[in-house]
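To keep things clear, I will list the structure first and then write my remarks on it.
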Amino acid sequence: MLSVSSPAHRRLLAGLSLLLARFYCCSAAVPNIAAYFGTKTRYEEVNPLLLRDVLAVNASALKPPPTEGCSPVHLTAVVRHGSRYPTVKNIRRINRLSELVRTEAVRAPGGWLLDLQNRWESWYTEDMDGQLVAKGREELQQLARRLASLFPSLLSEDNVRKRMVSFVSSSKHRCVSSVEAFQEGLQQHWGHGDEAPDYSHRLDDELMRFFERCRGYVEGVENNRTALLEVEKFKHGEQMDAVRRKIAETLGLPFHRLTPDLLEAAFFLCSYELSIKSVHSPWCFLFNENDAKVLEYKSDLKQYWKRSYGHAISSLSSCPLFHHVFRTLDKAGRPRRSTEAAPEPASILVGHAETLLPLLSLLGLFKDKTPPTAINYQSQHGRTFQTSRIVPYAANLLLVLYDCQRGPRLQMLLNETPLRFPGLPEDAPLYRDVRAAYRHLLDGCDFHAECEGRTGGRGPSTEL
């Protein structure tokens, strides 16, 4: 192995730096690792149509049976907040990494690596702490405009002004800003973009941050050191060590100084600069696609064992949201007497990746035959549980209820792409068949029984 200070190593760096510096200065291309950032992935990476037109509407995604005269009568959208700044924990890691590279790295001979060492300065401050950025606001505005185009009778100006559409948000500022941005997008769609919106939303952490109140989850997973054992083993395993060694040598740092957390900070710096500033950062040049896949897998392991199928309580903690969604659909789908108030045409629920992942898992989605572990990375390349594709920024689970000749039908879409309910062969099955498929949860899934009551203790971290 070449010494980090050897002449041969310096010549290698000089050639690499010169080559990549030309690319960096002359191209605004998206980094080839942009689709591997896990929960920090941009929405357009999973919906490439938006790279050409941010308001592109895929009407063919709506798939009720064409012979049944179906019309949409209700939309429930569970939406993740848009792109955001790093949280304090990651800002501190970024600043430690920046200081380490600036003070301890062997000086590069030139090019992007020298820029990274000498000219790049961390501009992240702790008061940013996970707040929504301008791009995140645009993501929610654009999503609202696309949904209003797809469902003009549901997300109509009249329905919203009459408070028939409900807007619910987590209390976290990035979610509140996102639900406001969604309402701004509706205003823009109706041609009132220059008017100040009449914001209307309800904060409900019991619904959107259910995990904080589930004692079984907090004690059994969040505060349990052994719950994420697979993550810890992979973090210090062969694949991660290989990437660490390579990046440490490129930066001119001793291997032991670039910890797994600082390696991940460098990787996510590429993500943050791209999602916040639309910049192809010099940090991106440190990683190739194979490196990115290893770091994505580490993130997926964490989400699987912390928020998904790794522990049953993680998905069961979402019972309140599950029941809320089906109660809303029940009201919208049942026959109504002339004296009864009309059901709400749409329900917009804004939360976090850790809101969506447990609910998707409870619904039985993205469950691979073999769970991801610390030792089966090589066999997991075809896994469906890939958080970069499932819960990027502005991720959304859409449930569309149709009134059809044979009865109500329900279609599910994830990130505006059709997704079938497990075990049901149609894109928009009869609603009664969907309820039958989830009968065990509708008749059970009791939050208090599963979680053993509420807890006043510390809730989960808020890094997603």
Check: Ser98/Ser122 side-chain N/O donor and acceptor closer than 3.5 Å: no
Euclidean distance, Arg42 CZ relative to Ser388 OG, rounded to 0.5 Å: 12.5 Å
Approximate separation, where rounding is to 0.5 Å, of Ser200 OG and Gln183 CD: 6.0 Å
Under 3.5 Å donor-acceptor, Asn376 side chain and Thr373 backbone: yes
Cationic N near anionic O, under 4.0 Å, Asp261 to Lys235: yes
Side-chain donor or acceptor of Ser170 paired with backbone N/O of Cys175 under 3.5 Å: no
Side-chain ion pair, Lys306 and Glu222, N-O less than 4.0 Å: yes
Short side-chain to backbone donor-acceptor contact, Arg146 and Val54, under 3.5 Å: yes
Donor-acceptor contact present, side-chain Asp291 to main-chain Phe287, <3.5 Å: no
Any donor-acceptor pair under 3.5 Å from Arg420 side chain to Pro425 backbone: yes
Polar side chain donor-acceptor pair, Asp368 to Tyr309, under 3.5 angstrom: no
Gap separating the OG atom of Ser166 from the CZ atom of Arg202, nearest 0.5 angstrom: 7.0 Å
Pair Asp129, Thr87: side-chain N/O donor-acceptor within cut-off below 3.5 Å: no
Straight-line distance of Leu75 CG to Thr328 OG1, nearest 0.5 Å: 11.5 Å
Under 3.5 Å: donor-acceptor pair, side chain of Arg209, backbone of Glu354: no
Arg245 to Phe255, cation-pi by 6.0 Å centre distance and 45° axis angle: yes
Residues His192, Gln187; criterion side chain to side chain contact (heavy atoms under 4.5 Å, CB included); working and verdict: CA-CA 5 Å; His192 307 316; Gln187 291 262 110; 4.1 Å; yes
Interatomic spacing from OG in Ser169 to CD in Glu180 - rounded to 0.5 Å: 8.5 Å
Sequence-distant partners of Asp205, salt bridge (charged side-chain N to carboxylate O under 4.0 Å, His left out), two or more places apart: none
From CA spacing to verdict: side chain to side chain contact (heavy atoms under 4.5 Å, CB included), Ile33, Asn288: CA-CA 7 Å; Ile33 62 173; Asn288 62 30; 5.8 Å; no
Between Glu68 and Tyr402, a side-chain donor and acceptor under 3.5 Å: no
Enclosure of Leu49 CG (heavy-atom neighbours >12, cutoff 6.0 Å): yes
Criterion salt bridge (Lys or Arg N to Asp or Glu O under 4.0 Å) on Glu157 and Arg161, from CA distance to verdict: CA-CA 6 Å; Glu157 183 174 3; Arg161 291 199 184 281; 2.9 Å; yes
Tyr43 and Glu416 side chains, donor-acceptor separation under 3.5 Å: yes
Expected output: side-chain Arg409 to main-chain Ala428 donor-acceptor under 3.5 Å: yes
Side-chain touch Leu362/Leu360, heavy atoms, less than 4.5 angstrom: no
Aromatic plane relationship, His352 with His81 - under 30° parallel, 30 to 60° tilted, over 60° perpendicular: perpendicular
Partners passing ring pair (Phe, Tyr, Trp, His ring centres under 6.0 Å) against His381 (at least two apart in sequence or in another chain): Tyr377
Verdict with supporting geometry, Phe268 and Leu263, side chain to side chain contact (heavy atoms under 4.5 Å, CB included): CA-CA 9 Å; Phe268 286 143; Leu263 171 70; over 6 Å; no
Separation between CG of Leu430 and CZ of Arg432, rounded to the nearest 0.5 Å: 4.5 Å
Expected output: side-chain Asp204 to main-chain Leu207 donor-acceptor under 3.5 Å: yes
Short side-chain to backbone donor-acceptor contact, Glu44 and Leu51, under 3.5 Å: no
Sequence-distant partners of Arg96, salt bridge (charged side-chain N to carboxylate O under 4.0 Å, His left out), two or more places apart: none
Summary of salt bridge (Lys or Arg N to Asp or Glu O under 4.0 Å) pairs that have at least one residue in residues 380-393, sequence neighbours excluded: Glu296-Arg383, Asp300-Arg383
Ionic contact status for Asp330 with Arg435, cut-off 4.0 Å: yes
Contacts of type ring pair (Phe, Tyr, Trp, His ring centres under 6.0 Å), residue Phe151, not counting sequence neighbours: none
Polar side chain donor-acceptor pair, Asn415 to Thr417, under 3.5 angstrom: no
Check: Tyr85 ring centre within less than 6.0 Å of Tyr124 ring centre: no
Side chains of Cys214 and Phe447 in contact at under 4.5 Å (non-hydrogen atoms): yes
Short side-chain to backbone donor-acceptor contact, Thr259 and Leu262, under 3.5 Å: yes
Neighbour count >12 (heavy atoms, 6.0 Å) for atom NZ, Lys246: yes
Ion pair Glu232/Arg225, N-O distance below 4.0 Å: no
Sequence neighbours excluded, every pair satisfying ring pair (Phe, Tyr, Trp, His ring centres under 6.0 Å) that has a member inside residues 311-335: Trp305-His311, Phe322-Phe326
Cation over ring face, Arg137 and Phe182, 6.0 Å, 45°: no
Trp190 versus Glu195, side-chain donor and acceptor atoms under 3.5 Å: no
Pair Arg307, Tyr217: side-chain N/O donor-acceptor within cut-off below 3.5 Å: yes
Any Val165 side-chain heavy atom under 4.5 Å of Glu344 side chain: no
Note, Val221 side chain near Ser314 side chain (heavy atom, < 4.5 Å): yes
No-hydrogen, no-angle side-chain donor-acceptor test under 3.5 Å, Thr125 and Asp127: yes
Residues Ser156 and Asp158: side-chain donor-acceptor under 3.5 angstrom: no
Pair Ser83, Glu139: side-chain N/O donor-acceptor within cut-off below 3.5 Å: yes
Donor-acceptor pair between Tyr297 and Gln380 side chains, under 3.5 angstrom: no
Partner of Glu264 under salt bridge (charged side-chain N to carboxylate O under 4.0 Å, His left out), chosen from Lys298, Lys302, Lys89: Lys298
Stepwise side chain to side chain contact (heavy atoms under 4.5 Å, CB included) test for Met128 and Ile91: CA-CA 9 Å; Met128 293 174 175; Ile91 289 171; 4.2 Å; yes
Ring centres under 6.0 angstrom apart (Tyr304, Phe385): yes
